[in-house]
Amino acid sequence: MTAETSSSPTTLRVTAPGRVCLFGEHQDYLGLPVVPCAISLRMRIDGMRRPDPLARIELPDIGGREEFRLDGTLRYTNARDYFRSAVNVLRRNGFRFSTGVDCRVHGEIPINAGTSSSSALVIAWIAFLGRMSDQARELSPEEIARFAHEAEVTEFGEPGGMMDHLAAAHGGVLAIDFVPEVRVERLEASLGAFVLGNSGEPKETTEILARVKGGVLAIAEQLRATDPGFSLQTVGRHEAGRWKDELSADQFALLEGTIRNRDMTRDAREIFSRQPLDHRRIGRLLCEHQKVLRDALKISTPKIDRMIDAAVGAGAFGAKINGSGGGGCMFAYAPDQPERVAEAIRGAGGDASVIRPDGGVRFEQVRV
């Protein structure tokens, strides 16, 4: 090591992963179980303290820059002002900032494409701020996820759930229950390669979440008015027919699709618990999940359907749309010949990259 290198300042690097939802799409906000998987595309924040209480944030990926003070309550300057909301949430939870930060943000996760780029950003920022606060704390994954959900969802009245934050904070393949309380179980699943396909179509998160979440919650409320024991947690698929005459065709499809998604997620957890892992059965279940998302929840698009068909035709074990839908990404489980599957997705008009399961929040000191 040269003298110049040894005396170079160090900067804190915090990274957080994006995620795919293997099973349980559109279920976390209903209190139903999910199985997400953190992926090897990450959001990175490099930074260090500065003596005054200013936060200066360089955003080269989007040609942007943010600057504000950390020593008081902040007013928001846009609808999803996550850099400032995270500071407000941490301050309300007892964190103080007598010094500021200089930092730079870089992301590998497709933006507005259903792979949780915004949640990974907020997770990394919350974790970074915890270390840079006067308390200089390395927050636990549970704390990071809770604070990030408050900053991204609760603070702005958004309709999303907590799956993304838990997945990015903990990493790996998780089974998450939300009722009667949040419970996170790490699944020791030795999964192979996936291929992420970006359609290039901007997803319609707010509109679809409002339609699907609002629709399912309205159905549940309507059915509880005549059957107080009705519960999305316990109702069986065979029971749904009891209410077919009380619901419109679209409502009934949405209810039945929600129940099928719930049951497929439970089936997936059982498959993951068995060794050796049945990779092809996981793939078949992904395809079944996609049918429900396409036909009942109506969140897929013709282009994404073509990309999925191309991936399966090229040898992927299974594939589905990822995220809220209306555009964005799909993914294929392709432990055999992932590059061939990626080429097929590109041939169907999408961008494609090979990804793998990855860990959660990481901290390291790097020289600048």
Side-chain angles (χ1 to χ4, degrees), residues 8-18 38 42-61 64-78 80-107 109 116-156 158 160 162 164-171 182 184 359-368:
S8 298
T10 61
T11 185
L12 176 65
R13 172 170 292 172
V14 180
T15 69
R42 303 181 71 88
M43 191 69 67
R44 187 181 79 213
I45 299 178
D46 294 329
M48 61 182 65
R49 293 181 187 273
R50 52 178 294 123
D52 57 40
L54 281 179
R56 290 181 174 170
I57 307 165
E58 299 293 335
L59 303 164
D61 293 350
R65 189 172 187 269
E66 294 278 356
E67 183 174 319
F68 50 85
R69 296 176 67 91
L70 296 177
D71 57 350
T73 301
L74 297 167
R75 293 184 177 181
Y76 303 133
T77 59
N78 57 66
R80 295 182 176 90
D81 199 345
Y82 301 141
F83 288 111
R84 290 174 175 82
S85 65
V87 175
N88 285 341
V89 166
L90 287 176
R91 286 181 56 82
R92 288 200 296 267
N93 282 275
F95 290 82
R96 293 293 176 263
F97 301 90
S98 58
T99 59
V101 297
D102 284 313
C103 62
R104 186 179 181 89
V105 179
H106 171 66
I109 307 166
S116 297
S117 59
S118 62
S119 295
L121 172 63
V122 180
I123 287 285
W125 180 233
I126 288 281
F128 178 81
L129 287 174
R131 286 282 296 268
M132 291 293 165
S133 69
D134 295 351
Q135 288 75 16
R137 281 187 53 202
E138 185 168 312
L139 300 171
S140 69
E142 293 80 7
E143 290 175 307
I144 294 171
R146 177 165 60 87
F147 293 148
H149 182 264
E150 289 181 28
E152 184 179 2
V153 177
T154 307
E155 195 76 356
F156 297 103
E158 296 286 345
M162 201 173 180
D164 297 353
H165 311 91
L166 291 167
H170 287 271
V182 176
V184 178
V361 172
R362 293 179 187 146
F363 300 87
E364 60 180 310
Q365 295 289 337
V366 297
R367 295 204 175 272
V368 296

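One-based numbering along the sequence shown. Heavy-atom basis, side chains included; hydrogens, waters and symmetry copies ignored.
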Can you tell me how far NE2 of His106 sits from CD1 of Ile45, rounded to the nearest 0.5 angstrom? 12.5 Å
Taking side chain as C-beta onward, heavy atoms only, is Leu121 less than 4.5 Å from Phe83? yes
Side chains of Leu90 and Gln135: does their closest heavy-atom pair fall under 4.5 Å? no
Where do Glu158 and Glu152 come nearest, in terms of heavy atoms and distance? CG-O, 3.8 Å
What distance do Thr77 atom OG1 and Arg84 atom CZ have between them, rounded to the nearest 0.5 Å? 4.0 Å
Criterion salt bridge (Lys or Arg N to Asp or Glu O under 4.0 Å) on Arg92 and Glu150, from CA distance to verdict: CA-CA 11 Å; Arg92 288 200 296 267; Glu150 289 181 28; 5.0 Å; no
Going from CG on Asp164 to OG on Ser117, what distance comes out if it is rounded to the nearest 0.5 angstrom? 9.5 Å
Side chain to side chain contact (heavy atoms under 4.5 Å, CB included) for Leu12 and Gln365? Distances and angles first, verdict last. CA-CA 5 Å; Leu12 176 65; Gln365 295 289 337; 3.8 Å; yes
Could you go through the salt bridge (Lys or Arg N to Asp or Glu O under 4.0 Å) check for Glu67 and Arg65 one step at a time? CA-CA 7 Å; Glu67 183 174 319; Arg65 189 172 187 269; 3.1 Å; yes
Write down the atom of Leu129, the atom of Ala86, and the distance for their closest heavy-atom approach. CD1-CB, 4.2 Å
Would you say the side-chain atoms of Thr99 pair up with the backbone N or O of Pro51, donor to acceptor, closer than 3.5 Å? no
Taking all non-hydrogen atoms of both residues, which atom of Arg75 and which atom of Asp81 are closest, and how far apart? O-OD2, 4.3 Å
Between Phe147 and Asn93, is there a side-chain heavy-atom distance shorter than 4.5 Å? yes
Donor-acceptor under 3.5 Å (Arg42 side chain, Gly360 main chain): yes
Identify the two heavy atoms, one from Pro53 and one from Phe97, that lie closest to each other, and give their separation to 0.1 Å. CB-O, 4.4 Å
Could you grab the distance from atom CD of Glu364 to atom OG1 of Thr10, nearest 0.5 Å is fine? 11.5 Å
Spacing of CG belonging to Leu139 relative to OG belonging to Ser133, to within rounding of 0.5 Å: 7.5 Å
Near Arg104 CZ, under 6.0 Å, is it more than 12 heavy atoms from other residues, nucleotides or ligands? no
Would you mind reporting whether Glu58 and Val105 have side-chain heavy atoms less than 4.5 Å apart? no
In terms of the angle between their ring planes, are His149 and His165 parallel, tilted or perpendicular, with boundaries placed at 30° and 60°? perpendicular
Less than 4.5 Å apart, any side-chain heavy atom of Thr11 and any of Arg13? no
Taking all heavy atoms of Val361 and all of Ala16, pick out the closest pair and write down the distance. CG2-CB, 4.4 Å
Which atom names give the shortest non-hydrogen contact between Ala145 and Ile123, and what distance separates them? CA-CD1, 4.0 Å
For Val89 and Phe95, what are the C-alpha separation, side-chain angles and deciding distance, and is it a side chain to side chain contact (heavy atoms under 4.5 Å, CB included)? CA-CA 9 Å; Val89 166; Phe95 290 82; over 6 Å; no
Find the distance between CZ (Arg44) and CG (Asp61) and round it off to the nearest 0.5 Å. 9.0 Å
So, do Arg131 and Arg137 sit near enough that their side-chain heavy atoms are less than 4.5 Å apart? no
